[in-house]
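Down below is the structure, laid out as structure tokens.
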Amino acid sequence: MISFDSDSRLFVLDNGSIGYAVYVNDAGYLETLYFGKRMERYDDFTCMRDTGVFASRRYLVPSGEDVAYGDGFKAECAPLELSPHGLSDKRGAPLVVRDGTGSYVTDFRYHSYTVEEGAPALEGLPHAHGDNAETLDILLKDRTREIWAHLVLTIFSDKDAIVKSFSVENGTDGTLRLTRAMSLQLDLPRADYDLVHFKGRWAKERDYCENAVLDGVQEVSSNLGRSSAEENPFVFLKEHTATAASGEVIGFNLIYSGNFKFRTFVGPFRGLHVTYGINDEDFEWTLEPGDDFQTPQAVVVYSAEGVDGMSQTFHRFVRENVMTYRANDVYKPVLFNSWEGCTFHFDTDLILSYLDAACKIGAELFVLDDGWFGARDSDLAGLGDWKVNAKKIDLRRVIDACHERGVKFGIWFEPEMINPDSDLFRAHPEYVLGWGEDELSLMRHQCHLDFANPAVPACIYAQMNEFLEEYPVDYIKWDYNRTVSEHVSRALPDRQGEVYHRLVLGYYSLIGRIAREHPEIMIEGCASGGGRFDLGTLFYCPQIWCSDESDPAQRIDIQFNTSLGYPLSCIGSHVNDSRVAPYDTKAALALFGTYGYEMDPGTLTEEEVSMLVRHAEIYKKYHGDVIERGTLYHLLAPHAGNEMCMQCVSQDMSASLVLFMNKLKEQDEFRFVRLRGLREDASYFNTLDGCVHTGEYYMRVGLNLSRECFPEFSHRLILLTEEKPQA
Ligand code: GLA
């Protein structure tokens with residue numbers, strides 16, 4: 001898949017489907033000659049470089065001569081893998097180093113390369129994995145100093161995805177400061193793309209935003225200390241004419257959970273310059289002699305088959321090359337969570353009554369959410385004290401009751417947080433982030449623990465471990481209910497530029513350790529709903545609570561948009577008791593996610609119980625093959641109109657689930673929804689009209705929803721099953 005031709009100095013990464021070509025120019029810069037659908041030949045590269053724009057630079061060298069590089073390098077605008085900083089290229093370098101003289105000039109040039117099988121494992125950072133990969137590691141050296149950079153590119157044989165990262169090593173005998181350390185530069189010769197990103201807020205995560213790539217600089221970023229609800233690290237570029245099913249689309253994501261910055265720059269020469277990685281706001285990392293710094297990995301997905309081509313690649317990539325949870329492929333139980341039913345207000349009897357009622361609606365995993373520990377009777381106190389509040393709950397009895405019924409048991413933690421009203425705070429006020437500040441911003445009455453100080457995650461680990469040793473737990477909901485402010489750590493007196501990143505490393509070290517030592521426990525990520533929905537978290541957690549908003553009115557958009565970049569199997573979705581839509585609409589939507597419940601189950605009518613049982617049965621029968629491992633098609637986008645339609649097809653194309661929903665009321669009108677991904681000549685029975693049609697019919701004519709009037713927020717959940725001819 002990876003080759004290097006030393007005569008033409010051309011690296012080619014080609015997996016038979018996509019191609020990536022990098023030329024080592026006379027000056028030693030890496031020019032990105034091509035990224036896209038694979039080509040038969042890449043040796044026309046001289047033509048690709050002959051852009052005619054701008055004269056080549058000349059350089060004054062120590063001999064006093066004024067020289068130029070022979071191969072016509074266009075220093076200001078050539079598409080590069082790693083732009084220098086402080087030279088005539090002003091597009092924005094991904095790496096910037098300040099040395100002891102105070103100079104920021106950073107100028108890495110080619111040195112050598114290696115190619116290895118597989119994908120590299122990063123220590124302390126979540127990373128892509130898989131044997132079906134090959135990795136090119138290009139070593140570069142700063143032009144004048146012993147500073148080394150590795151550009152690492154991994155290509156996968158079975159997916160149109162490339163993973164990129166940098167590392168920087170200090171080979172000098174002085175201290176260096178890394179003031180920018182991004183994961184990727186991608187320069188494209190065209191800039192006529194739309195940029196799609198997902199902004200939001202609490203309970204309104206991942207709103208679809210699309211605009212033409214702007215001239216000048218545009219950035220999608222988080223400086224909130226977490227990947228955030230405000231912007232998600234998943235973004236994509238699409239040709240103006242691209243649709244769900246056709247056209248060029250390039251998707252990006254970062255295997256990281258902290259501050260990020262996706263930046264585009266279109267300069268006077270019109271090429272598109274993308275850099276992506278850790279946000280450089282307040283970032284400064286000290287490299288003592290011999291130290292190195294590894295950036296998180298960025299994932300780039302190429303699709304010549306529209307937005308769904310990209311999103312299907314991301315789905316498989318996340319499930320097969322990012323997630324590590326051992327049971328990624330085994331059945332995930334129907335979950336009941338206590339939070340929305342009773343919040344902090346419960347006792348053992350109430351929880352046992354919930355358990356009984358939850359079993360009646362098909363729950364197989366019972367989760368006791370917030371409120372079971374310390375003095376946690378409201379959100380004013382208790383975070384940091386991970387000891388069971390025995391006066392409130394007989395946890396042993398609850399767990400035994402679950403296990404006696406064959407139901408798994410799960411529990412809630414928020415390990416990175418602390419309430420000022422807690423024993424931990426009283427004993428260790430210095431564990432709080434914001435050292436030296438005389439005023440700390442509270443969010444939900446809580447402070448952020450200083451996870452940049454290794455003693456702090458170690459203390460939380462000890463508490464969690466003691467709990468997990470004592471109680472047999474099958475699942476943890478790992479919450480994170482505030483953003484980072486006062487980013488000052490007492491552990492890093494002269495290195496406060498490292499705090500944001502070290503908080504994330506502290507999170508990974510703790511969750512990584514818990515996951516490693518308790519591989520049987522499934523951890524679900526959460527952050528005030530979906531405020532840390534990212535590939536870093538998915539490395540440890542096979543699912544993430546998508547949003548605290550479960551009402552279909554907003555949830556249609558949240559879930560649809562999230563599924564553009566993330567597989568449905570990881571999108572934590574529950575049926576709750578919000579009153580805007582009926583239970584069957586909410587249940588149908590939750591089926592296009594992990595499926596679970598979150599309500600006072602004692603309030604359900606008999607009719608509602610049997611309806612939820614029916615949906616749980618659909619989940620049990622079809623989730624694995626159709627939703628989790630199947631292929632997802634986005635047929636009607638809710639941001640583009642009044643209707644939403646998603647369709648999943650099993651890999652063997654024998655079954656498909658279609659979810660159609662509308663927002664505002666609709667009258668009877670022509671409404672044919674064309675399906676995708678079926679076998680043309682196969683016959684499928686469908687539960688909408690009870691008829692059998694061919695795959696060709698469903699894909700050309702469509703599902704006929706015309707006859708119906710749809711009240712607000714109604715839906716149709718349609719199952720198609722192949723009818724095999726009698727032998
Ligand atoms: C966050 C989560 C909720 C719930 C509460 C508990 O808001 O998103 O699901 O766990 O915390 O305090």
[X] vs [Y] side-chain heavy atoms within contact, under 4.5 Å:
{"X": "Pro120", "Y": "Gln297", "value": "yes"}
{"X": "Val213", "Y": "Leu272", "value": "yes"}
{"X": "Leu184", "Y": "Val300", "value": "yes"}
{"X": "Phe317", "Y": "Val299", "value": "yes"}
{"X": "Asn15", "Y": "Phe156", "value": "no"}
{"X": "Ile278", "Y": "Tyr256", "value": "yes"}

Return yes if some donor-acceptor pair links the side-chain N/O of [X] with the main-chain N/O of [Y] below 3.5 Å, else return no.
{"X": "Ser222", "Y": "Phe260", "answer": "no"}
{"X": "His273", "Y": "Asp187", "answer": "no"}
{"X": "Tyr500", "Y": "Gly497", "answer": "no"}
{"X": "Arg9", "Y": "Gly28", "answer": "no"}
{"X": "His315", "Y": "Gly565", "answer": "no"}
{"X": "Arg58", "Y": "Val67", "answer": "no"}
{"X": "Asp308", "Y": "Met310", "answer": "no"}
{"X": "Asp207", "Y": "Phe198", "answer": "no"}
{"X": "Gln185", "Y": "Val274", "answer": "no"}
{"X": "Asn259", "Y": "Leu224", "answer": "yes"}

With rounding to the nearest 0.5 angstrom, report the [atom1] to [atom2] distance, [X] to [Y].
{"X": "Leu82", "Y": "Thr275", "atom1": "CG", "atom2": "OG1", "answer": "11.5 Å"}
{"X": "Asn170", "Y": "Trp148", "atom1": "CG", "atom2": "CH2", "answer": "12.5 Å"}
{"X": "Asp142", "Y": "His111", "atom1": "CG", "atom2": "NE2", "answer": "12.5 Å"}
{"X": "Glu31", "Y": "Asp71", "atom1": "CD", "atom2": "CG", "answer": "6.5 Å"}
{"X": "Leu505", "Y": "Glu123", "atom1": "CG", "atom2": "CD", "answer": "11.0 Å"}
{"X": "Asp450", "Y": "Glu430", "atom1": "CG", "atom2": "CD", "answer": "9.5 Å"}

cation_pi(Arg532, Tyr480) dist<6.0 Å, angle<=45: yes

Phe314 six-ring face occupied by Arg319 cation (under 6.0 Å, within 45°): no

Verdict with supporting geometry, Tyr302 and Phe35, ring-ring contact (aromatic ring centres under 6.0 Å, His included): CA-CA 8 Å; Tyr302 184 84; Phe35 176 48; 5.5 Å; yes

Stepwise side-chain hydrogen bond (donor to acceptor under 3.5 Å, both in side chains) check, Ser441 with Glu486: CA-CA 8 Å; Ser441 322; Glu486 291 91 17; 2.6 Å; yes

Indicate whether any N or O donor in one side chain lies under 3.5 Å from an N or O acceptor in the other, for [X] and [Y].
{"X": "Arg206", "Y": "Thr562", "result": "yes"}
{"X": "Arg177", "Y": "Thr286", "result": "yes"}
{"X": "Ser485", "Y": "Arg482", "result": "yes"}
{"X": "Tyr20", "Y": "Glu81", "result": "yes"}
{"X": "Ser489", "Y": "Asn453", "result": "no"}
{"X": "Arg109", "Y": "Tyr29", "result": "yes"}
{"X": "Ser257", "Y": "Tyr508", "result": "yes"}
{"X": "Tyr59", "Y": "Glu65", "result": "no"}
{"X": "Asp194", "Y": "His240", "result": "yes"}
{"X": "Ser311", "Y": "Tyr566", "result": "no"}
{"X": "Thr313", "Y": "Asp160", "result": "no"}
{"X": "Tyr42", "Y": "Asp14", "result": "yes"}
{"X": "Ser303", "Y": "Glu305", "result": "no"}

Ring centres under 6.0 angstrom apart (Tyr113, His150): no

Other residues, nucleotides, ligands: >12 heavy atoms within 6.0 Å of Asn211 CG: yes

Within 6.0 angstrom of Asp66 CG, more than 12 heavy atoms from elsewhere: yes

Residues Leu151, Leu153; criterion side chain to side chain contact (heavy atoms under 4.5 Å, CB included); working and verdict: CA-CA 7 Å; Leu151 162 63; Leu153 291 116; 3.8 Å; yes

side-chain hydrogen bond (donor to acceptor under 3.5 Å, both in side chains) assessment of Gln294 paired with Ser165: CA-CA 8 Å; Gln294 171 66 51; Ser165 72; 3.1 Å; yes

Tell me whether [X] is salt-bridged to [Y], with the criterion being a basic N under 4.0 Å from an acidic carboxylate O.
{"X": "Arg98", "Y": "Glu284", "result": "yes"}
{"X": "Lys199", "Y": "Glu231", "result": "no"}
{"X": "Glu281", "Y": "Lys261", "result": "no"}
{"X": "Lys159", "Y": "Glu320", "result": "yes"}
{"X": "Arg270", "Y": "Asp192", "result": "no"}

Mutual orientation of the aromatic rings belonging to Phe539 and His129 [parallel < 30°, tilted 30-60°, perpendicular > 60°]: perpendicular

From Asp534, Leu535, Asn253, Thr537, residue fulfilling side-chain contact (heavy atoms from CB on, under 4.5 Å) relative to Ser227: Asp534

Working for ring-ring contact (aromatic ring centres under 6.0 Å, His included), residues Phe293 and His501: CA-CA 11 Å; Phe293 181 86; His501 184 53; 5.3 Å; yes

side-chain hydrogen bond (donor to acceptor under 3.5 Å, both in side chains) between His487 and Asp282, worked out: CA-CA 9 Å; His487 50 298; Asp282 295 350; 2.9 Å; yes

Stepwise side-chain hydrogen bond (donor to acceptor under 3.5 Å, both in side chains) test for Asn232 and His197: CA-CA 7 Å; Asn232 191 269; His197 61 106; over 6 Å; no

Member of Phe234, Phe166, Phe262 meeting the ring-ring contact (aromatic ring centres under 6.0 Å, His included) criterion with Tyr276: Phe262

